[in-house]
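As the structure is a prediction and not an experimental result, all values here were calculated from the model.
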Amino acid sequence: MNLTILIPLLNEAESLPELYRWITKVMQQNNYSYEVVFIDDGSTDESWGIIDNLSKNDTNVKGIRFQKNFGKSQALHAGFAIANGDVVITMDADLQDSPDEIPDLYNMIVNQKFDLVSGWKKKRYDSIVSKNLPSKLFNWAARKTSGVQLNDFNCGLKAYSNKVVKNIDVYGEMHRYIPVLAKNAGFNKIGEKVVQHQARKYGVSKFGMSRFVNGFLDLITIWFLSKFGKRPMHLFGALGVIMFIVGFCSAAFIGVYKLYKLSMHEPAILVANNPWFYISLTAMILGTQLFLAGFLGEIILRTKNNEPRYKIATKSNL
């Protein structure tokens with residue numbers, strides 16, 4: 001199979017029929033063998049009814065319905081798990097991503113041998129203050145922190161080789177950082193393509209300003225996990241040992257200095273009255289706690305159970 005089109009969605013009933021017709025037209029024009037997988041992330045409108053009807057009339061259409069809203073990352077995770085296409089395309093359901101971009105993205109994966117190609121909505125039709133400027137700041141921070149040189153991490157229109165989606169784990173709200181996850185998994189040929197951004201035709205955006213705050217927090221998380229996720233003791237243990245040694249040496253110096261003063265018959269304050277003693281003691285306590293945090297992290301990594309992160313209520317054509 002040439003292509004899998006993955007479309008996570010939440011309350012996009014109005015746009016689904018038009019999106020389906022658009023995708024089908026592009027697929028037929030290019031003679032692709034394909035599947036379109038809609039992942040309904042707990043919609044409360046008629047989205048699932050439309051998906052179910054489409055799948056009954058077209059065997060290329062498949063659907064997954066979550067029991068409730070679990071988030072875009074979990075929807076992509078579920079889609080990646082069942083994707084059969086040699087190339088996997090992800091796109092949003094709001095018609096702001098153009099299916100006409102699919103052939104070029106497909107060719108970049110198949111012919112140019114990219115592992116992943118991310119869309120870049122260079123010209124946007126969103127609010128400058130509430131979306132464009134925060135997005136530019138967010139993308140700048142993501143580039144500096146991750147080392148992945150993309151201009152638009154948030155673009156939902158991306159193409160992947162099948163081996164990429166089968167070897168990355170998208171969790172939490174990490175869908176913004178799939179290129180970083182791919183790089184951390186050893187897929188280094190990551191490209192970018194300028195794509196057309198269209199004004200929203202139906203409904204309203206499901207993302208507010210909070211996504212940028214969450215995005216920065218996730219960026220810190222993914223930076224930490226990429227460096228120390230498999231070896232927390234290397235960070236917490238090292239910091240803990242350093243702080244404990246500094247605190248211990250400082251406390252020892254205070255004690256030795258007190259003994260020296262007494263041996264010279266010079267006045268010396270009580271150790272307990274010396275503020276530096278309490279600073280040293282605090283450093284030793286913090287050092288011990290950091291070391292224990294690293295130790296516990298190592299234990300958790302070795303004993304954790306992989307619990308399901310979402311529950312599927314219904315499937316169609318699967």
Side-chain angles (χ1 to χ4, degrees), residues 1-9 12 16 19-41 47-48 50-66 70 72-93 97-119 156-171 174-175 178-179 181-182 185-187 189-191 193 306 308-318:
M1 183 181 292
N2 299 132
L3 277 163
T4 294
I5 315 296
L6 293 182
I7 306 172
L9 62 106
E12 298 287 358
L16 288 178
L19 178 61
Y20 163 73
R21 291 191 296 270
W22 196 354
I23 292 174
T24 302
K25 176 185 173 183
V26 173
M27 296 297 104
Q28 292 174 349
Q29 286 175 343
N30 292 273
N31 295 317
Y32 291 135
S33 58
Y34 70 98
E35 62 182 358
V36 181
V37 182
F38 292 98
I39 305 102
D40 184 353
D41 188 20
S47 294
W48 179 251
I50 294 171
I51 294 168
D52 196 36
N53 287 332
L54 290 174
S55 67
K56 289 176 181 177
N57 296 321
D58 185 349
T59 57
N60 293 313
V61 176
K62 302 174 182 180
I64 295 174
R65 185 187 187 189
F66 282 178
F70 286 99
K72 187 174 182 179
S73 292
Q74 321 315 322
L76 290 175
H77 184 276
F80 287 163
I82 64 167
N84 296 309
D86 297 329
V87 176
V88 179
I89 304 286
T90 60
M91 62 190 307
D92 294 334
D97 294 334
S98 171
D100 290 332
E101 304 283 356
I102 291 175
D104 287 340
L105 292 170
Y106 176 82
N107 288 332
M108 290 181 75
I109 297 293
V110 173
N111 298 325
Q112 299 180 40
K113 305 301 181 183
F114 280 97
D115 295 315
L116 184 157
V117 179
S118 180
L157 184 57
K158 290 182 172 66
Y160 315 80
S161 66
N162 188 278
K163 63 182 179 180
V164 172
V165 302
K166 299 302 184 184
N167 285 281
I168 59 174
D169 184 16
V170 188
Y171 56 92
M174 293 299 180
H175 57 273
I178 291 180
L181 296 175
F187 300 101
K189 193 168 184 183
I190 298 174
K193 180 186 182 299
N306 293 320
R309 297 191 294 267
Y310 49 84
K311 297 183 184 298
I312 295 173
T314 315
K315 291 184 179 181
S316 185
N317 261 356
L318 290 170

Rounded to the nearest 0.5 Å, how far does OG of S161 lie from CG of L116? 8.0 Å

Nearest 0.5 Å, what's the CZ-OG distance between R65 and S316? 11.5 Å

Less than 4.5 Å apart, any side-chain heavy atom of I178 and any of L76? yes

So does Q112 get a backbone contact from the side chain of K189, meaning a donor-acceptor N/O pair under 3.5 Å? yes

V164 side chain reached by F80 side chain, heavy atoms, under 4.5 Å: no

Minimal heavy-atom distance between K62 and I51, with the atoms involved, is O-CG2, 4.5 Å

Step by step, work out the side-chain contact (heavy atoms from CB on, under 4.5 Å) result for D41 and F70. CA-CA 6 Å; D41 188 20; F70 286 99; 4.0 Å; yes

How close do A93 and L19 get, heavy atom to heavy atom, and via which atoms? CA-CD2, 3.7 Å

Quick one, K163 and D115 - any side-chain contact, counting heavy atoms below 4.5 Å? yes

Pairwise distance CD1(I64) to CD1(I7) - rounded to 0.5 angstrom: 12.5 Å

Could you tell me whether a side-chain N or O of N162 sits under 3.5 Å from a main-chain N or O of G85, the two making a donor and an acceptor? yes

So do D169 and L181 actually touch side chain to side chain, heavy atoms under 4.5 Å? no

Donor-acceptor under 3.5 Å (S73 side chain, M174 main chain): yes

Specify whether Y32 and Y106 have parallel, tilted or perpendicular ring planes, treating 30° as the upper limit for parallel and 60° as the lower limit for perpendicular. tilted

List the atom of L16, the atom of L9, and the distance in Å for their closest heavy-atom pair. CD2-CD2, 4.0 Å

Check against side-chain contact (heavy atoms from CB on, under 4.5 Å), I50 and Y20: CA-CA 10 Å; I50 294 171; Y20 163 73; over 6 Å; no

Search all heavy atoms of N31 against all heavy atoms of N2 and return the closest pair with its distance. O-OD1, 4.3 Å

Provide the closest heavy-atom pair for A83 versus T4 in the form atom of the first, atom of the second, distance. CB-CG2, 3.9 Å

Within the distance-only criterion (no hydrogens, no angle test), does the side chain of D52 pair as donor or acceptor with the backbone N or O of W48 below 3.5 angstrom? no

Please determine whether side-chain contact (heavy atoms from CB on, under 4.5 Å) holds for the pair F114 and L105, giving the CA-CA distance in whole Å, both sets of side-chain angles, and the decisive distance to 0.1 Å. CA-CA 10 Å; F114 280 97; L105 292 170; over 6 Å; no

Side-chain contact, heavy-atom cut-off 4.5 Å: L157 with I89? yes

Atom NZ of residue position K25 - does it have more than 12 heavy atoms of other residues, nucleotides or ligands inside 6.0 Å? no

Are side-chain heavy atoms of T90 and H175 found at a separation under 4.5 Å? no

Can you measure from CD1 (I39) to NE2 (H77) and round to the nearest 0.5 angstrom? 12.0 Å

Hey, could you give me the OH/CD1 distance between Y34 and I23, rounded to the nearest 0.5 Å? 9.0 Å

Kindly indicate whether the side chain of S55, heavy atoms from C-beta on, has any atom under 4.5 Å from the side chain of F38. no

D58 side, atom CG; E35 side, atom CD - distance, nearest 0.5 Å: 11.5 Å

Please report the shortest heavy-atom distance between G79 and L6, naming the atom on each side. C-CD1, 3.6 Å

Does the side chain of N60 reach to within under 4.5 Å of the side chain of M1, using non-hydrogen atoms? no

Pair M27, I102 - check side-chain contact (heavy atoms from CB on, under 4.5 Å), show working. CA-CA 9 Å; M27 296 297 104; I102 291 175; 3.8 Å; yes

Under 3.5 Å donor-acceptor, K166 side chain and A81 backbone: yes

